[in-house]
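In what follows, a structure is listed as structure tokens, so that the remarks can point back to it.
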Amino acid sequence: MILHILTTAPLSDAARQAEQAINPGDALLLIEEAVSAALQPDLDCWKQTDYPVFLLEEDLVARGFANAASHHRLATVDIEGFVQLTEQYEQSITWY
Amino acid sequence: MNNTDTPRYLSTESNIELDPEGYLVDLSDWSETVAGQLADDEGIELTPEHWEIINLVRSFYARYEMAPAMRPLVKATQRSLGEEKGRSIYLMRLFPGSTAKVVARIAGLPKPTNCL
Amino acid sequence: MDYGLLVMGAPYSQPAPHSALRFAHAILARGHQLAGVFFYHDGVHNASSLMTPPQDELNIREAWKALHEQHGVPLDVCIAAALRRGVVSESEAARHGYTAFNLEAPFELTGLGQLLTLQQRCQRLITFAN
Amino acid sequence: MDKSEDLMVIIRHAPHNSNWLREGLDAALVAAAFGQSVRLLFMGQGALALCKEQQAGAPGQKATLPTIDMLEMYEIDQLNVPDQTLEELNIPLASLVNGVTPLSESQVKALFSQPRLIFNF
């Protein structure tokens, strides 16, 4: 089981490559620029049910998207939650 | 790792500059004579068996633009000189020490960047 | 658990070093070990002693150094990537005949093999890159 | 872990745009030189590293092709490209170097479904 960490905008090359690699049971964590996905509740990644998707809270807050994320009921983790995800998933891959 | 006491020139009468690890600064300075002097410096007397390997490494570099690490050096030797010579023990006997680095130095190639 | 970090973004250009530092403190806070940080690609700029941000901004090199001092975390910098980009230790500067250098302890220049060793030693290797 | 294949290195950046490609390949070469068995997966722009007609770049910028040709000397013979990448970039398999194996969508996912060490460049 892999934790995929995406650091770039939702429609970037890296985002599409992560999508090619992700398997049911994996998880996707959006950090840095990727948290702008919070503004787009219609993105495919929010609609699928194969794997959980999380937004990094600190990066959302910094960019002013925290309200958008809670309004759309998107799952967030803080930095400690990020560490917990890496405890839970044996492997991680960063897509940038 | 520090080799700051290495001479900056290949010999007192030549103006061939070496970097502090003993590699040629200007790769076009290389000649068979220079190779012999570089080998002296390593305490190696070049025999036809050494030259087989030196030539092989130079053509490896001409083709791939990189000096080989040990594993591909063994493979290249195996391919052109056969199973008998294509073994790391044979190469290490010819060029003791960090074999891949020593061969690259005598053959006038840049230091293998992916050695360590 | 033993963690390793691979940092491949440059400070003040990219968010990766900031994210990595925040993550490093979070894993230590949860009682894990940080076995090492490896700087590769543009991440080698994290080691520059000459970085001089304004006083009211975090000095990222100092932040890494503090992590080393407080938790003994090794800070390894890929030598090939660093030399190409002008990040040079005192002994490398002497070796190349330069009058200046900008990489000092606790940062260490080392080969890429060190990254493989770190990866094998750790249960988790987390990459920060942009 | 499958010892017969220790490491997968993903290459996603094109030649001549950044140093990602060269430094990614360096990581693969070092691992192979250390005796690890390495698979390369070229995704997106990274697939352009396999174009057989590529040349050296701006002055002093080395070509990638000699390094790609050298991979077999390091026993790196698993070169994979997703079908999807070939379609998106509109590059026929025939324009790439020999020895590249294209992978279907599910084959790509399968590469990620078993535990293995991965570097992503």
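The sequence lines fix the lettering, A, B, ..., with proteins before strands; numbering per chain opens at 1.
Rounded to the nearest 0.5 angstrom, C:H41 NE2 and A:Y96 OH are separated by 7.5 Å. To the nearest 0.5 Å, atoms OG1 (C:T127) and CH2 (A:W95) are separated by 11.5 Å. Note that the CZ atom of C:F23 and the CD atom of A:E58 stand 12.0 Å from one another [nearest 0.5 Å]. We find the CZ-CD distance between C:R30 and A:Q84 to be 4.0 Å, quoted to the nearest 0.5 Å. Taking CD of A:E90 as the reference point, atom CZ of C:R124 lies at 6.0 Å (rounded to 0.5 Å). Taking OG1 of A:T86 as the reference point, atom NE2 of C:H32 lies at 6.5 Å (rounded to 0.5 Å).
Contacts of C:R22 with chain A are made by both backbone and side-chain atoms, with heavy-atom separations under 4.5 Å. When heavy atoms are compared at a cutoff of 4.5 Å, C:L125 approaches chain A solely by way of its backbone atoms N, CA, C and O. With a 4.5 Å cut-off on non-hydrogen atoms, A:I93 does not touch chain C at all. For a residue to count as touching a neighbouring chain, one of its non-hydrogen atoms must lie under 4.5 Å from one of that chain's; by this rule A:E80 touches chain C with backbone and side chain alike.
For the set A:I31, A:I5, A:T7, the count of heavy-atom pairs under 4.5 angstrom toward chain C peaks at A:T7.
Atom CE of A:M1 has 12 or fewer neighbouring heavy atoms from other residues, nucleotides or ligands inside a 6.0 Å radius. Counting heavy-atom neighbours within 6.0 Å of A:N67 CG, excluding the residue itself, gives a total of 12 or less. In the displayed structure, C:H71 atom NE2 is contacted under 6.0 Å by more than 12 heavy atoms of other residues, nucleotides or ligands. More than 12 heavy atoms of other residues, nucleotides or ligands sit less than 6.0 Å from atom CD of A:Q40. Shown here is C:R84, whose CZ atom has more than 12 heavy atoms of other residues, nucleotides or ligands within 6.0 Å.
C:A129 approaches A:T94 most closely through the heavy-atom pair N-CG2, 4.4 Å.
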